[in-house]
Every structure is written in C-alpha cells, then in structure tokens.
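Since the structure comes first, as structure tokens, the remarks are kept for the end.
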Amino acid sequence: VETLRRSRRVTWPVVAVIAAALAYSWIASGLRPFTHPEAVAVSIPLVGAGVALLRSSRRRDDAGDGLTRRGTWVWGALFAALLTWELISFFSSPRADHPTLSSIADSVMSTHPGRAAMLAAWLAVGYGLFRR
Amino acid sequence: MSAAVTYAGYAMIAALSLVWTAFTLVRRPRYATADALAARVMRHPVARGAVWALWAWIGWHLFVRGRGAFT
C-alpha cells in the first residue's frame with residue numbers, strides 16, 4: 001500500500017515550469033479577445049495537450065487498471081449537486097439573484113488578475129488531465 | 001431566493017468537494033481520488049477525446065471569445 005504512495009518533491013525544474021505557466025497566463029490573459037495573438041496563445045496549450053493525448057493513447061491500451069472504485073459515488077453525487085444547482089440558477093431569473101457559474105466566471109474575468117487566474121486554472125486542469 | 005442563497009449553495013458544494021478531496025487523499029488508495037477518477041476516465045479513447053474537446057471548448061470560449069462568452 002505504501003509503495004503506491006508517490007513522494008512528491010518540489011524541485012527547481014518544477015518551480016520553473018510553474019513560474020513559466022503563471023507568466024504565460026499573465027501575458028496571454030492580457031491579450032485582447034477576438035484577436036489573432038490571443039487565438040495563438042490559447043491554441044499553443046491546446047495543440048500541446050492534443051499531442052500528449054495522441055502519444056499517451058499508444059501506451060494506454062495495454063495498461064492495467066488497478067484503481068479502486070470506492071467512493072466514486074460521492075464524486076458523482078457532488079457533480080450531480082453542482083449540475084442541479086447550476087440548472088436551478090440558469091432557469092431562474094433575474095440573473096443578479098441567480099448567478100450561474102458562467103456569470104460568476106464573467107465577473108471574475110472582469111479584471112486582468114482574475115482573467116490570469118482563470119487561465120492558470122485552465123492550464124492546470126489541462127496538465128492534470130493530459131499529463132498521464 | 002436571493003443571490004446570497006445561490007452563492008451559499010455553490011460555496012457549500014465547493015466546501016464538500018474540498019472535504020471529500022482531502023479525505024480521499026488521506027485515505028488513498030482505499031478511496032478513489034479525483035486524480036484516480038480522471039485516470040479511469042482517460043483510459044478510454046473516446047472519453048479522452050471528449051475530455052480534450054470539452055477542455056478546448058471551455059478555454060476557447062473563455063479566453064478567445066472573452067468576457068460574456070456564455071451570455
């Protein structure tokens with residue numbers, strides 16, 4: 001059991017990658033929407049994730065599972081709760097009294113730091129999903 | 001129902017998610033962590049493509065289309 005727990009040590013390369021990702025988020029989020037530079041800035045991680053996805057698919061097919069299903073229903077219940085709450089808000093009005101995740105995201109992204117944080121979070125989610 | 005109640009609902013779901021995340025991390029590998037769940041989903045080729053497409057769509061609409069993309 002203990003051997004399955006990987007020790008995660010913070011190394012300088014990791015710190016450098018995180019710093020680069022944060023800097024990228026800050027610069028890319030400062031570009032204007034609907035412009036070619038912003039489209040390129042967003043496309044670079046998209047292409048990188050796509051390449052990682054294609055590379056991982058070759059070695060994934062013969063890999064074993066070995067993952068527990070215990071507690072999966074809790075994740076499902078949390079997702080269902082979020083989806084239900086979002087739908088209740090979406091079909092209610094006025095929007096000011098019933099904010100959806102989209103309207104919350106819009107208000108967060110009204111400032112450059114908020115937009116940069118959202119971009120960094122988006123990159124982090126992508127890294128978490130497509131690194132394997 | 002006021003905005004405070006709506007925000008409280010989101011906050012409660014977020015708090016429960018954080019608690020469950022911490023619990024599964026402490027009790028791993030007995031309980032499925034979010035990372036393990038993602039690993040399971042990403043084992044399937046169609047799911048991998050769908051997850052990439054969803055992630056790409058969210059990023060494109062949020063950052064290339066900009067604020068108000070979903071309105």
Side-chain angles (χ1 to χ4, degrees), chain A residues 1 4-5 28-29 31-35 38-39 41-43 45-46 49-50 53 56-57 60-61 63 65-72 74-75 77-78 81-82 85-86 88-89 92 95-107 109-110 115 118-119 122-123 125-126 128-130 132, chain B residues 1-21 23-71:
Chain A
V1 172
L4 292 176
R5 298 185 182 188
S29 63
L31 301 170
R32 292 181 63 187
F34 292 105
T35 61
E38 180 68 324
V42 173
S43 296
L46 291 184
L53 201 68
S56 69
S57 64
R60 183 64 56 188
D61 296 333
D65 191 330
L67 298 171
T68 181
R69 290 176 185 272
R70 186 178 290 179
T72 303
V74 179
W75 290 115
L78 287 167
L82 181 64
W85 199 245
E86 168 77 356
I88 290 171
S89 301
S92 303
R95 183 60 64 231
D97 284 347
H98 304 277
T100 59
L101 290 176
S102 310
S103 60
I104 294 170
D106 277 348
S107 58
M109 290 178 63
S110 61
R115 196 169 147 78
M118 287 286 283
L119 185 51
W122 178 70
L123 288 176
V125 168
L129 288 171
F130 306 115
R132 48 194 100 245
Chain B
M1 195 163 66
S2 68
V5 175
T6 309
Y7 282 120
Y10 284 121
M12 184 176 289
I13 294 168
L16 288 172
S17 300
L18 285 175
V19 168
W20 185 246
T21 298
F23 178 81
T24 55
L25 284 174
V26 170
R27 296 295 182 94
R28 68 182 170 178
R30 285 189 66 201
Y31 287 86
T33 60
D35 195 51
L37 207 64
R40 183 184 293 279
V41 170
M42 297 297 276
R43 286 187 68 235
H44 304 281
V46 175
R48 272 203 300 272
V51 168
W52 181 86
L54 179 65
W55 179 75
W57 182 82
I58 289 171
W60 193 265
H61 278 258
L62 278 179
F63 306 112
V64 178
R65 290 193 58 192
R67 201 167 156 248
F70 293 103
T71 56

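Computed from a prediction, not measured in an experiment: that's the story for all the values here. FYI, side chains are in, hydrogens and waters are out, and symmetry mates aren't considered; it's all heavy atoms of this structure. In what follows, every chain begins at residue 1, and chains take the letters A, B, ... in the order their sequences are listed.
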Toward chain B, the part of A:A39 with a non-hydrogen atom under 4.5 Å
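Answer is both: backbone and side chain atoms of A:A39 are under 4.5 Å from chain B.
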task: Select one option (side chain, backbone, both, neither) describing which atoms of A:I104 are under 4.5 Å from chain B's heavy atoms.
output: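 Just the side chain, heavy atoms under 4.5 Å.
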Notebook entry, point to check: Backbone N or O of B:L37 within a donor-acceptor pair of the A:T72 side chain at under 3.5 Å?
Noted result: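 Side chain of A:T72 to backbone of B:L37, a donor-acceptor pair under 3.5 Å: no, none is there.
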Hey, does the side chain of A:W75 reach the backbone of B:A32 with a donor-acceptor pair shorter than 3.5 angstrom?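 Yes, because the side chain of A:W75 sits within donor-acceptor range (under 3.5 Å) of the backbone of B:A32.
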Hey, could you give me the CZ/CG distance between B:F63 and A:L119, rounded to the nearest 0.5 Å?
->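 These two atoms lie 4.5 Å from each other.
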Handout entry: A:T100 side, atom OG1; B:Y10 side, atom OH - distance, nearest 0.5 Å
Key =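 So the gap between those two atoms works out to 6.0 Å.
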Which region of [X], side chain (C-beta onward) or backbone (N, CA, C, O), has a non-hydrogen atom less than 4.5 Å from a non-hydrogen atom of chain A, or is it both or neither?
{"X": "B:A4", "answer": "neither"}
{"X": "B:T24", "answer": "side chain"}
{"X": "B:F23", "answer": "neither"}
{"X": "B:T33", "answer": "backbone"}

* Asked: What's the shortest heavy-atom distance between A:P99 and B:Y7, and which atoms?
  ->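 Closest heavy-atom pair between A:P99 and B:Y7: CG-CZ, 3.6 Å.
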Task: Verdict with reasoning, B:L62 to A:R115, per side-chain contact (heavy atoms from CB on, under 4.5 Å) - done: CA-CA 9 Å; B:L62 278 179; A:R115 196 169 147 78; over 6 Å; no
Check the pair A:F130 / B:V51 against side-chain contact (heavy atoms from CB on, under 4.5 Å), numbers first and verdict last. CA-CA 9 Å; A:F130 306 115; B:V51 168; 4.1 Å; yes
* Asked: Should the pair A:W122 and B:W55 be assigned to parallel (<30°), tilted (30 to 60°) or perpendicular (>60°) ring geometry?
  ->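 Parallel: the ring planes of A:W122 and B:W55 meet at under 30°.
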